[in-house]
Every structure is written in C-alpha cells, then in structure tokens.
Amino acid sequence: MRAVVVSRYGGPERLTVADWPEREPGSGELRVRVRAAGVNFADVLARKGLYLGAPRPPFVPGFELAGEVEAVGPEVADMRGRRVLALVPFGAQAEQVVVRADYVFPIPEEMPFEEAAALPVNYLTAYYALVEMAALREGESVLVHMAAGGVGLAALQIARTVPGVELFGTASPSKHELLRQYGCHPIDYRSRDYEQEVRQLTRARGVHVILDPLGGRDTAKNYRLLRPTGRLILYGVTRLSRGPRRNVLAALWEYLRMPRFHPLRLMWESRAVIGLHLGRLWSERERLRRAMETLLVWYREGRIRPVLDRVYPFSEAASAHRRIEARENVGKIVLVPG
Ligand SMILES: NC(=O)c1ccc[n+]([C@@H]2O[C@H](COP(=O)([O-])OP(=O)(O)OC[C@H]3O[C@@H](n4cnc5c(N)ncnc54)[C@H](OP(=O)(O)O)[C@@H]3O)[C@@H](O)[C@H]2O)c1
C-alpha cells in the first residue's frame, strides 16, 4: 500500500509517497481503509526531527484518520463497513492503517470523512486544556495563541460552550475577521506586542486562562499575563521551530529562554502552570474515550464543527507542510489518498 513517508529529517521535500508494508490486525486491533488523515503542526516538528518520541526516518507521520473498517482481529466486535475515526501514535497518513479498537469511534452518517479526520487531535487537545485541566468557568477570560489554527479554532468553539467567556486570540491579520465571528478579540502578534495589547484590553488585569503552544520566550510573557487564580496551559513548542529545515541551535536557544517556575513563586502569585501532551494520555483510555464521545455529541448538536482549510492528496503533503510553515492555513489541513 502507499503512504506518506518522511524519508529523512529536513524540509518539506523530504516527504514522499512510497510503498509501505501492510499488516493484518492482531488481537484487539482492526484495520481501516483511510479516506482522510489530519495534518498537525506536530507533523512539521517530526519531519524536522524536533518531536520527542517520534520514530526515526523513514516513518509515516500522522496521528488521526477517518475511513471504513475493512478487517478486524481476534476479540474485536465485527465493525466491518462502519464509518469511523481513529487515533494512532504515528502512521495515520497511509491508505490502510491498523489501529487499536479502543481508539476507534463510529462517526455520524452525515459527517464527512475530512471533518472526522480533523476532529481528534485538535478537539481533544482543546477539550483537555480548557475543560479538564483549566476547568474554565462562567465569566472567565481566555487568551488563545495560534487562534486561527486547528487547535486554536477548536478552543474558541469549546470555550463558547461556557457562558459569558471573554476571548482573546493571536493570529496573522488576514485571519482576524474569522476570529471576530467567534466573538474573539483578534490580536496581531506579528506587528504588535500581544502582552501590551492584552493588558490594554483587560485594563491591566490580565486573563484567567492562557493556552500557550508557543514555548520559548513566550512562556514568561504569558505567565506575566495571568490574573491571580490564572492557569497557564503549556502544550507546544512552536517557537523552537524556525525556518523550513532542522535548526538545532535555534531550538536550543529558545529552549534555554523558557522560565523555571519555583513552587514558592506559584504559591505567592496564586497561579497554576499546567503541562499537556496528548501522547501521555494514551494510557488514560477510559478518560480519553469519554472526552471523544462528548466531542462527538457536541458535533451532532452543532456546538462544534472543524474548520477545514484545504484538502490535499497524499502526493501534495509537502504543500500542506509549506502552507502551515508560511502561516497561511486557517483551520485544519487534511490529506486524502487521492
Ligand atoms: N500537547 C499536545 O498534545 C498538542 C496536541 C496538538 C497540538 N499541539 C500544539 O499546538 C500547537 C497548534 O497546533 P495546530 O496543529 O493547531 O497548528 P496549526 O493549525 O498547524 O497552526 C499553524 C499556524 O500557527 C501559527 N504560527 C505561530 N507561530 C508559528 C511558527 N513559528 N511557524 C508556523 N506557524 C506559526 C500560524 O498562524 P498565525 O500566524 O495566524 O498565528 C500558522 O498558520 C502546535 O504547537 C502543536 O504542536 C500540542
């Protein structure tokens, strides 16, 4: 079968479509004929060799997919023919993928495969950040960085399920109109200092919850913007990725600029710093399932809906990565076998 393969660490040109071995589902597994697979910022980091825990090249990227079940292994209910979405630790961007049945979810008939493939990683991350870890409450304020990206738009939609929440979001200026449609104050982080702007907009009070996927020097800025009782959710290191190729020195420099938080300081300032990595939740199977099922109910109720930026065939995976790195995507990019 064919799959998107990262042949070596480096620029987008390292992505090729190649033959990849097929395998039969084992006990507790099933095989899905993939119709769509999501692209995440993490794929860009993995391609550059900046994603901790990624396989070494050659490897197939991708953590999420949607399609039809075509084979089931022993001890798995016969779901052949069912339309599903699924999560995998890596390897989703392939024509066929063997997945653990625990991480497979039937999808509504009316849900297009492209939307189903756009849901798992972005919405689970936003859900865990806002609902489970920040425990967002009525009337609080939230600052979302990369607000017009996949996780960012998911976070805006989920935050709006809580009444009276005030939203601020950073994004490139061309995406501001969309953010306004979600009731979010857009902030142009590229030409202005967002720290100053948030202070101005909140009359120096700061915000209750900050979603920080930036890391590096931004983590200290974000911490300063928290009100007492504020929660800073750290879930990415976008700052460590500079330029299309692997730049280990630049990444190290940003890493060294990340603050160290002393417990006494956190206590004195009454603030929480919380880390989140979806990969670590893999072992929390029941909790992850409940979160995913809640999201599918919200989808059916029309409370959330993935915003699709573009759909590319596997053969244009490099264009998908280039679009993300050029900061052009609004919402989610999805690949289809094509
Ligand atoms: N911890 C976890 O489990 C977890 C799970 C999912 C995602 N994440 C992290 O969450 C973040 C968002 O992921 P995503 O998939 O939603 O992102 P995405 O949709 O690919 O977002 C790309 C957008 O990010 C913005 N951006 C800001 N700084 C950038 C930079 N240095 N290079 C390229 N783009 C930059 C650009 O938009 P603007 O210029 O308009 O802002 C760009 O269009 C990433 O850091 C990702 O690694 C973490």
Side-chain angles (χ1 to χ4, degrees), residues 12 37-48 50-54 61-64 87 89 92 117-130 132-133 143-158 168-179 184 186-192 194 210-219 222 233-245 247 250-251 254 274-282 284 288 291 306-310 317 320-335:
V39 179
N40 288 287
F41 197 83
D43 299 335
V44 172
L45 295 176
R47 190 201 76 221
K48 290 182 183 179
L50 295 176
Y51 189 95
L52 278 184
F63 305 98
E64 56 194 347
L87 283 153
L119 196 85
V121 172
N122 289 167
Y123 283 78
L124 280 173
T125 305
Y127 180 89
Y128 267 93
L130 288 174
E132 298 257 344
M133 305 200 82
L143 169 62
V144 179
H145 289 287
M146 298 169 75
V151 178
L153 289 171
L156 298 185
Q157 293 176 7
I158 290 174
F168 304 94
T170 63
S172 296
S174 61
K175 308 171 188 176
H176 284 193
E177 193 39 50
L178 178 70
L179 296 192
C184 172
I187 296 172
D188 175 10
Y189 73 104
R190 293 179 75 173
S191 64
R192 292 204 53 184
Y194 67 80
I210 302 181
L211 300 197
D212 178 5
L214 303 171
R217 72 193 87 159
D218 285 274
T219 301
N222 284 316
I233 315 288
L234 303 174
Y235 62 102
V237 285
T238 305
R239 270 278 185 195
L240 271 54
S241 167
R242 197 185 298 169
R245 268 160 257 294
N247 187 337
E254 280 297 337
I274 301 172
L276 169 62
H277 178 34
L278 216 48
R280 279 279 159 185
L281 306 180
W282 200 248
E284 302 289 314
L288 203 72
V307 176
L308 290 182
D309 176 68
R310 283 199 183 174
H321 281 220
R322 285 194 188 99
R323 187 163 168 80
I324 290 172
E325 290 184 280
R327 308 186 191 209
E328 287 167 357
N329 66 305
V330 179
K332 184 79 171 184
I333 297 185
V334 166
L335 299 179

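In this text, all values refer to a predicted model and were calculated from it rather than measured experimentally. Along the sequence shown, the residues carry numbers beginning at 1. Just so you know, ligand 1 is whichever comes first in the structure, and atom 1 is the first atom listed for that ligand.
- Checking each of V307, V144, D309 against L153 for a side chain to side chain contact (heavy atoms under 4.5 Å, CB included) leaves exactly one that passes, namely V307.
- Ring centroids of H145 and Y194 are separated by less than 6.0 Å, placing the two rings close together.
- With sequence neighbours excluded, the residues that form a side-chain hydrogen bond (donor to acceptor under 3.5 Å, both in side chains) with H321 are R47.
- One side chain, D188 or S191, offers a donor N or O that lies under 3.5 Å from an acceptor on the other.
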Between the protein and ligand 1, which nitrogen or oxygen pairs come in under 3.5 Å, and how far apart is each?
from: ligand 1; atom 1: 1 (N); to: Y235; atom 2: O; distance (Å): 2.8
from: ligand 1; atom 1: 1 (N); to: L276; atom 2: O; distance (Å): 2.9
from: ligand 1; atom 1: 3 (O); to: L278; atom 2: N; distance (Å): 2.7
from: ligand 1; atom 1: 15 (O); to: F41; atom 2: N; distance (Å): 3.1
from: ligand 1; atom 1: 16 (O); to: G150; atom 2: N; distance (Å): 3.2
from: ligand 1; atom 1: 16 (O); to: V151; atom 2: N; distance (Å): 2.8
from: ligand 1; atom 1: 19 (O); to: G150; atom 2: N; distance (Å): 2.8
from: ligand 1; atom 1: 19 (O); to: N329; atom 2: ND2; distance (Å): 3.2
from: ligand 1; atom 1: 31 (N); to: R327; atom 2: NH2; distance (Å): 3.1
from: ligand 1; atom 1: 37 (O); to: K175; atom 2: NZ; distance (Å): 3.0
from: ligand 1; atom 1: 39 (O); to: S172; atom 2: OG; distance (Å): 2.6
from: ligand 1; atom 1: 39 (O); to: Y189; atom 2: OH; distance (Å): 2.5
from: ligand 1; atom 1: 40 (O); to: S172; atom 2: N; distance (Å): 2.8
from: ligand 1; atom 1: 40 (O); to: S172; atom 2: OG; distance (Å): 3.4
from: ligand 1; atom 1: 40 (O); to: K175; atom 2: NZ; distance (Å): 2.8
from: ligand 1; atom 1: 43 (O); to: K175; atom 2: NZ; distance (Å): 3.1
from: ligand 1; atom 1: 43 (O); to: N329; atom 2: OD1; distance (Å): 2.6
from: ligand 1; atom 1: 45 (O); to: P213; atom 2: O; distance (Å): 3.3
from: ligand 1; atom 1: 45 (O); to: T238; atom 2: OG1; distance (Å): 2.7

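- To the nearest 0.5 angstrom, F63 atom CZ is 11.5 Å from N122 atom CG.
- How far OG1 of T125 is from CG of L130: 10.5 Å, rounded to the nearest 0.5 Å.
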